Amino acid sequence: MIVAKGLTKRFGDVLAVDGLDMEVKSGEIFGFLGPNGAGKTTTIRMLSALISPTSGKAKVAGYEVGREDNEIRRNAGILTESPGLYDRLSAERNLSFFAELHDVEDVAGQVERYLRLLGLWDRRADVAATFSKGMRQKLAIARAMLHEPKVLFLDEPTAGLDPEMARLVREFIGELKDKGRTIFLCTHNLDEADRLCDRIAVVNTRLLALDTPEALRAKLYDRVVVVHLSAVAPAYEKAVSKQPFVRSVETKDNKLVVGLDNPEKNNPELIRALVDAGADIQFVGELRRSLEEIYLRLVK
Amino acid sequence: MRKIWVIARKEWAEVFKNRFVLFTVVFMPLMMTALPLIILYTMGTPEEMAGFSAADMPASFADLCEGMSGETCGQYFIVSQFMLLFMLMPLAIPATFASYSIVGEKTTRTLEPVLATPVTTLELLAGKAVAAALPAIGATWLSFSIFSLGVAILTEGSELLRQVTSPLWLFAIVVVGPLLAVAAVSIAIMVSSRANDPRVAEQISMLVILPLLALFFAQISGLIFINEAMILWMAIGVTVLDIGLLAFATQLFQREAILTRWK
Ligand SMILES: Nc1ncnc2c1ncn2[C@@H]1O[C@H](COP(=O)(O)OP(=O)(O)OP(=O)(O)O)[C@@H](O)[C@H]1O
Ligand SMILES: [Mg+2]
């Protein structure tokens, strides 16, 4: 749905995006992560035909950036970094203006549909200036959806929202995916990216990594199993380290922290070895690296 | 074409909610209509003006009075001054309107989502220009109509009315006025692309009225008098200026420039 090849943007001396190569599949939620100034917003702006790349190519929904910009604008929706609402106009008028710009056929119907979907229908006549940050964000999301775009670019959709509102927005994004839309999501909330995204790109001017969250974990870290015991003895650690598949063992309080290749396959043997050595096992679990750890390691 | 109208309607809905802009668009035409009529009214009856003769007028004006009575000539001289003031409206109103509409969108970052829609930059520019120019032209024409009606009533359809509705005046109001509005809009767009405060943009854009004011003062001091040839030259000059200004404003009004260079 989105393909970028060597996509580059330079602002004078500043290289904002450097040789970005990636492909976003149809119907996936694609996370785009990176530190402040990494070029995320710039990438979104290039892909939504707002600014032109300095070099490189990109296609969005089958249309080429720079050559078929109007087609891209018809097929993509964008939640810009700042909501950019007309403060003096009502919520309804804010939306109807954009519906008209997009040549939406049933302007009133479409505006009502999205105001209702996002729980703003009761406030439709109020001017946007009276809206809270979360409501403004929802209105801006509605605005990006009015023309039912195939691709949706969301630049930090949950920034500054309270947990409840953020969750609502996340659920909405999940529903959009279920309806088959492709979503390009920029966020600084790594937990959100982990939960929502099918694949994640980490960028810092250049592309640092691109894969599913699980694959990123596997690539960067061994998998680690934690075994809680009622009491530890030096013999247990020895019994474990004798196993060929174990890469590391460490005793922490009454836990054994074991690094190994493939817990699904190795855990039964590991547990048998421990039981044979006389250990009383309370729990066995996997230590999941948070996406934050992965991210910080990539960005460093 | 339809999109230009969509944008213009949005501008009106939004900018007219600003009391200051509303005041400029309503108050200025009111004043410009009322003032000449009040002066005409207080200038006195034809009897009081009877002593007036063409010889008292600046020489350049006296020629125009051929065939007029002394008092009509006196009234015409006074009222003539207002022709230029009527042309002040198409300059001042767009300057105010466009400043608020463009700098306003810039500071609230509302243009980015608009630029992400399939609207051409030219449609956007035209929408903004139309939104700023139409109220100005409308206000000018309306207040001129009311003024002519006032003249007709006050002077009971005299020679003066024929002068005020002469081709010279009509050309000035109907043709030169809109041409001036286009110039004012283009200048306001250029200034707005650089300014960050609508009031500053407005004040700078308002400098377009200076040449007209200079003309006005040159006329009341008797240095020149606006005649057919002058208005015609003015129209030609402003048309040429408009083409240049519009080309320049279109250059500034490029998608990428709006997003990355307008600060
Ligand atoms: N219009 C511009 N002119 C000059 N430099 C720019 C412009 N826009 C962005 N940049 C630069 O490009 C780089 C990338 O900026 P961008 O806004 O894309 O970052 P980002 O990843 O979205 O950051 P954030 O997480 O803070 O939103 C930055 O160094 C920024 O200063
Ligand atoms: Mg950003």
Side-chain angles (χ1 to χ4, degrees), chain A residues 9-12 14 16 41-42 44-54 66 68-90 92-104 107 127-129 139-141 143-144 146-147 149 153 155, chain B residues 1-23 25 97 99-128 130-131 196 198 253-263:
Chain A
K9 182 71 187 182
R10 193 180 271 286
F11 295 106
V14 181
T41 300
T42 304
I44 285 198
R45 284 177 160 189
M46 283 192 280
L47 293 176
S48 54
L50 281 167
I51 60 178
S52 53
T54 310
E68 297 159 303
D69 283 351
N70 244 356
E71 289 308 315
I72 293 178
R73 291 182 195 122
R74 259 184 255 284
N75 287 287
I78 173 170
L79 170 71
T80 48
E81 201 166 27
S82 52
L85 301 169
Y86 292 108
D87 272 348
R88 293 170 195 275
L89 300 182
S90 69
E92 206 169 17
R93 190 71 179 84
N94 262 289
L95 295 190
S96 67
F97 174 54
F98 281 86
E100 286 175 39
L101 287 182
H102 271 295
D103 297 308
V104 167
V107 171
V127 295
L139 192 57
I141 293 174
R143 183 184 59 196
L146 289 166
H147 57 300
F153 293 98
D155 202 345
Chain B
M1 272 314 265
R2 205 181 54 79
K3 298 244 173 92
I4 297 177
W5 192 238
V6 168
I7 290 163
R9 270 181 20 236
K10 190 280 292 174
E11 297 299 323
W12 291 328
E14 201 202 1
V15 180
F16 282 140
K17 289 228 174 90
N18 184 321
R19 261 184 251 134
F20 185 77
V21 177
L22 198 61
F23 179 79
V25 178
F97 194 101
S99 298
Y100 277 85
S101 112
I102 293 169
V103 182
E105 293 228 43
K106 195 158 63 158
T107 48
T108 49
R109 295 170 188 272
T110 41
L111 274 178
E112 186 171 357
V114 176
L115 291 170
T117 68
V119 63
T120 67
T121 331
L122 214 58
E123 284 169 334
L124 183 59
L125 179 67
K128 296 239 169 225
V130 163
N196 286 319
F253 218 77
Q254 297 285 333
R255 264 187 157 74
E256 178 135 9
I258 293 171
L259 283 175
T260 59
R261 282 200 285 279
W262 284 23
K263 292 244 163 55

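Below, read A as the first sequence line, B as the second, and so on, with proteins coming before strands; counting in each chain starts at 1. Values in this document were obtained by computation on a predicted structure and should not be read as measured data.
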**Request:** Please lay out, stage by stage, how B/Glu14 and A/Asp87 fare under the test side-chain contact (heavy atoms from CB on, under 4.5 Å).
**Result:** CA-CA 9 Å; B/Glu14 201 202 1; A/Asp87 272 348; over 6 Å; no
Please table the atom pairs, donor to acceptor, closer than 3.5 Å between any side-chain atom in residues 75-82 of chain A and protein atoms at least two apart or in another chain.
unit_1  : atom_1 : unit_2   : atom_2 : d
A/Asn75 : OD1    : A/Lys150 : NZ     : 3.3
A/Asn75 : ND2    : A/Glu71  : O      : 2.9
A/Thr80 : OG1    : A/Ser82  : O      : 2.8
A/Glu81 : OE1    : A/Thr41  : OG1    : 3.4
A/Glu81 : OE2    : A/Thr41  : OG1    : 3.2

A/Arg88/B/Glu11 under salt bridge (charged side-chain N to carboxylate O under 4.0 Å, His left out): CA gap, chis, key distance, verdict: CA-CA 11 Å; A/Arg88 293 170 195 275; B/Glu11 297 299 323; over 6 Å; no
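- Residues A/Gly84 and B/Pro113 approach most closely at O-CG, 4.0 Å, considering heavy atoms.
- When atom types are taken as modelled, the side chain of B/Glu256 and the backbone of A/Ser52 share a donor-acceptor pair closer than 3.5 angstrom.
- B/Val114 touches chain A through backbone and side chain together, each having a heavy atom under 4.5 Å away.
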Please evaluate residues A/Arg45 and B/Glu112 with respect to the criterion side-chain contact (heavy atoms from CB on, under 4.5 Å), reporting the C-alpha separation (whole Å), side-chain torsions for both, the decisive distance (0.1 Å), and the verdict. CA-CA 9 Å; A/Arg45 284 177 160 189; B/Glu112 186 171 357; 3.0 Å; yes
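- Interatomic distance, CG of A/Leu85 versus OG1 of B/Thr108, reported as 9.0 Å (0.5 Å rounding).
- With respect to A/Glu100 and B/Arg9, a salt bridge is recorded, a charged nitrogen being found less than 4.0 Å from a carboxylate O.
- Proximity to chain B is absent for every atom of A/Phe153, based on heavy atoms less than 4.5 angstrom apart.
- Partners of B/Arg2 by side chain to side chain contact (heavy atoms under 4.5 Å, CB included), not counting sequence neighbours, listed by chain and number: A/Asp103, B/Val6.
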Could you go through the side-chain contact (heavy atoms from CB on, under 4.5 Å) check for A/Ile51 and B/Thr260 one step at a time?
-> CA-CA 8 Å; A/Ile51 60 178; B/Thr260 59; 4.0 Å; yes
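- For CZ of A/Arg74, the number of neighbouring non-hydrogen atoms (other residues, nucleotides, ligands) closer than 6.0 Å is greater than 12.
- Chain A is approached within less than 4.5 Å, heavy atom to heavy atom, by B/Leu115, B/Ala116, B/Thr117, B/Pro118, B/Val119 from residues 115-123 of chain B, ordered by number.
- Of the residues considered (A/Leu50, A/Asn70, A/Asp69), A/Leu50 shows the highest number of contacts with chain B, using heavy-atom pairs under 4.5 Å.
- Taking the ring pair (Phe, Tyr, Trp, His ring centres under 6.0 Å) definition, one finds that A/Tyr86 meets it with A/Phe97, sequence neighbours left out.
- Interface remark: B/Ile258 contributes no atoms to any contact with chain A (heavy atom separation under 4.5 Å).
- For B/Trp5, the CH2 atom is loosely surrounded, since the number of other residues' heavy atoms within 6.0 Å does not exceed 12.
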